[in-house]
Amino acid sequence: MIKQQKTFAIGFGIAFVVMLVLYFVVVAPLLEEEPAETVALETVEGEDVGNNSRYLMFPQVERSGVQSIEVHNEYGGYTFYRDSSDNFVLKGYEGMAYDQELFASFVVSAGYTLAMMKITDDATPEQMQEYGLDKPQAYWILTTTEGDVHQVNVGDILVTEGGYYCSYEGRDTVYILSTTLADTMLQPVEKMITPLLTAGMSQNNYFETDNFTIWHGEDLFIRLVNKDESEKTNPDAIVETKMTYPAPYVPNSNLYYEILYNFMALQGVETVKIGPSEEELEKYGLANPAYTISYTFQEIPFYIFVSEMQKDGTYYAVSNLYGYQLVAKVGADKLGFVDYGLFKWISEYPFQAYVTSVDTMTVTSGDGELDVSFKLTHGTNEEGNATLAVDCSDGQHIDNNNIYNFRQFYKTLLSVILQEYTPLSEEEKTALTSDKDKLLLTFSYTTQNGETTEYKFYQYTTRRAFVTVNGVGEFYCYVDLMDKIISDTEKVLVGMDINSYGKN
């Protein structure tokens, strides 16, 4: 039995080898395809042959060989050219930044005219008209660095929308080029232009921006400026900002520096127009802008004009970066702050002066029964630590050994918080601030550089007090805060312990 199995196995092996040899010698050659016969394209003068044996309207021009590309289409005309620094720039707008990736596609479209097919080499005038090439919808002129000039005309799109009829100037040949032309040569130049409105700042210096101002129409809305060194409440701060209009409110620094951070390179979602006419500025709501933003950076003034918010939640804007020659569409994430009310721009805590910056303070109740001033003297001890002594107008002297209670009183002043806009009309505000019986409290302080800020609180409901800062007011706080300040001032004078977090 075993002998039979071995005999069978040997026979099967021999048969397999024979069949394998027959396959490679006889069968496999029969299965191989004959190589396709390459048909040489017949070209006319100036044509070339590109990939897959397809016609090139003219030999490919790489980017390195392009001197200029001039385009004319339904949106107008423009020219990119190679300047003396070997960079491509837009003629008439040489400083404008453009999308390098889109420009690369643009150069390929202009210099690599690989036809999908050729229709005819001898087109009649009637055929040129039939293909829309008697009056082309667009054309471009490519000039090489060697001085060769190539003009391509773009006619109608195919019925199938699978390509465009095109011709080479001076030649009666009609070609079909791909629909990629729709994304390059048939687009407005604005498609490639970066919608940039500001430049020049970096992460290391954007906070040095000064004199930041917003107008609503022609009305000044807000102005923020950087403090001088002598004005800083924190001597270690690199920059401190103060509001000079509409009142010396404490700015909302988080919001302000977030906005400035975006201004390092404020960029829109698209460029809608370069070189706008007066009519076009009117169209985009920029002839009489709804908002104007200005600021200085390293002594250079910048201006941005902004339209009303559009239905899609964006704004149109133009700036002096390119001499007001670029209109950009900008999202609300970048310019929505122009619609913010004043309350969002300020800190809810109106008094935030470091105690080390204060020279004198005065607290006066509305009825005049409490009227006290404090003279602060700052120094350092032998260990180099800051010291504070206070002289009260009633003759009391508080030295550094028992200054803790005064510091708690100071915390009470710092805890004054604005709630929201008062609903009072301007006439009602005027009447309220003219009524001495409504005045609850006056608090003022003078910094060591001589700048004085005064807060007044006028009661207009059981719980609300209208607040003015140097005579200007928009907001209210709660009356019980005034009661707390008066109570804690009296405690300082009599030496009673103060709980700055308590209600009274």
Side-chain angles (χ1 to χ4, degrees), residues 36-63 65-81 88 90-91 101-144 146-193:
E37 184 179 348
T38 302
V39 179
L41 293 180
E42 293 185 6
T43 60
V44 298
E45 183 179 354
E47 285 182 343
D48 201 357
V49 178
N51 292 338
N52 299 323
S53 297
R54 289 162 59 183
Y55 288 102
L56 279 170
M57 298 176 75
F58 54 88
Q60 180 180 2
V61 181
E62 301 279 359
R63 179 170 178 153
V66 174
Q67 177 58 41
S68 67
I69 302 173
E70 177 185 345
V71 176
H72 295 268
N73 57 33
E74 62 174 306
Y75 302 103
Y78 62 90
T79 301
F80 278 97
Y81 69 93
F88 282 101
L90 179 61
K91 187 176 182 179
E101 186 175 340
L102 291 178
F103 183 75
S105 297
F106 168 76
V107 171
V108 171
S109 286
Y112 189 55
T113 51
L114 186 66
M116 299 170 65
M117 66 177 297
K118 180 192 289 190
I119 301 298
T120 179
D121 280 325
D122 301 298
T124 64
E126 291 76 20
Q127 286 176 309
M128 286 294 193
Q129 182 178 9
E130 176 186 352
Y131 299 131
L133 290 167
D134 59 330
K135 297 179 180 179
Q137 62 168 305
Y139 67 90
W140 73 87
I141 301 172
L142 185 153
T143 302
T144 71
E146 299 298 323
D148 297 325
V149 178
H150 305 283
Q151 177 174 332
V152 177
N153 304 314
V154 183
D156 295 339
I157 191 170
L158 273 64
V159 176
T160 61
E161 299 185 352
Y164 290 89
Y165 296 108
C166 295
S167 66
Y168 184 92
E169 185 68 15
R171 194 183 297 163
D172 294 329
T173 305
V174 177
Y175 309 85
I176 295 177
L177 297 187
S178 78
T179 54
T180 56
L181 294 181
D183 299 321
T184 53
M185 317 314 288
L186 302 184
Q187 289 291 326
V189 66
E190 285 82 3
K191 182 79 172 180
M192 281 187 285
I193 300 301

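- How far CH2 of Trp140 is from SG of Cys166: 5.5 Å, rounded to the nearest 0.5 Å.
- Of all heavy-atom pairs spanning Ala182 and Tyr164, the tightest one is CB-OH, 3.6 Å.
- For the atom pair CG of Asp48 and CZ of Arg54, the computed distance is 13.5 Å after rounding to the nearest 0.5 Å.
- Between Ile176 and Tyr165 there is a side-chain heavy-atom pair separated by less than 4.5 Å.
- Listed here is the closest heavy atom pair of Ala110 and Leu142: O-CD1, 3.6 Å.
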Item to check | Step-by-step side chain to side chain contact (heavy atoms under 4.5 Å, CB included) determination, Leu133 to Val174 | outcome: CA-CA 9 Å; Leu133 290 167; Val174 177; 4.0 Å; yes
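- The two residues Tyr168 and Val149 make their nearest non-hydrogen contact at OH-O, 3.5 Å.
- In this structure, NZ in Lys191 is found 12.0 Å from CG in Leu186, a value given to the nearest 0.5 Å.
- Within the model, atoms OH of Tyr139 and CD of Glu70 stand 6.0 Å from one another, a figure rounded to the nearest 0.5 Å.
- Checked against the 6.0 Å centroid criterion, the rings of Phe88 and Phe103 qualify as a close aromatic pair.
- Considering all non-hydrogen atoms of both residues, Met116 and Gly163 come closest at SD-CA, 4.5 Å.
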Checklist entry - Hey, mind stepping through Phe80 and Val107 against side chain to side chain contact (heavy atoms under 4.5 Å, CB included) and telling me if it holds? => result CA-CA 10 Å; Phe80 278 97; Val107 171; over 6 Å; no
Checklist entry - Run the side chain to side chain donor-acceptor pair (under 3.5 Å) check on Gln137 and Asn73 step by step: do they pass? => result CA-CA 6 Å; Gln137 62 168 305; Asn73 57 33; over 6 Å; no
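- Across every non-hydrogen atom of Gly46 and Pro59, the tightest pair is O-CD, 3.5 Å.
- Of the possible polar contacts, none joining the Gln187 side chain to the Thr184 backbone as a donor-acceptor pair under 3.5 Å is found.
- Taken from CG in Asp134 to CD in Glu126, the straight-line distance is 10.0 Å, to the nearest 0.5 Å.
- The one candidate from Thr43, Asp121, Asp122, Thr120 that meets the side-chain hydrogen bond (donor to acceptor under 3.5 Å, both in side chains) condition with Thr173 is Asp121.
- Taking every heavy atom of both residues into account, Leu90 and Thr79 meet most closely at CD1-O, 3.5 Å.
- Within the 4.5 Å cutoff, the side chain of Ile69 has heavy atoms near those of the Phe106 side chain.
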Item to check | side chain to side chain contact (heavy atoms under 4.5 Å, CB included) assessment of Phe58 paired with Thr113 | outcome: CA-CA 7 Å; Phe58 54 88; Thr113 51; 3.7 Å; yes
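- A heavy-atom distance below 4.5 Å is not found between the side chains of Pro136 and Val154.
- Here His150 contributes atom NE2 and Thr144 contributes atom OG1; the two are 6.0 Å apart, rounded to the nearest 0.5 Å.
- Test Ile141, Asn153, Val152 against Glu169 for side chain to side chain contact (heavy atoms under 4.5 Å, CB included) and you get one pass: Asn153.
- For the pair Asp156 and Tyr131, the minimum side-chain heavy-atom distance is 4.5 Å or more.
- Between the side chain of Arg171 and the backbone N or O of Met57, at least one donor-acceptor pair lies under 3.5 Å.
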Checklist entry - What's the verdict on side chain to side chain contact (heavy atoms under 4.5 Å, CB included) for Ile119 and Tyr175, showing C-alpha distance, side-chain angles and the deciding distance? => result CA-CA 6 Å; Ile119 301 298; Tyr175 309 85; over 6 Å; no
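- Counting heavy atoms from C-beta outward, Lys118 and Glu47 have side chains that approach closer than 4.5 Å.
- Annotation: ring-ring contact (aromatic ring centres under 6.0 Å, His included) contacts of Tyr55 (sequence neighbours excluded): none.
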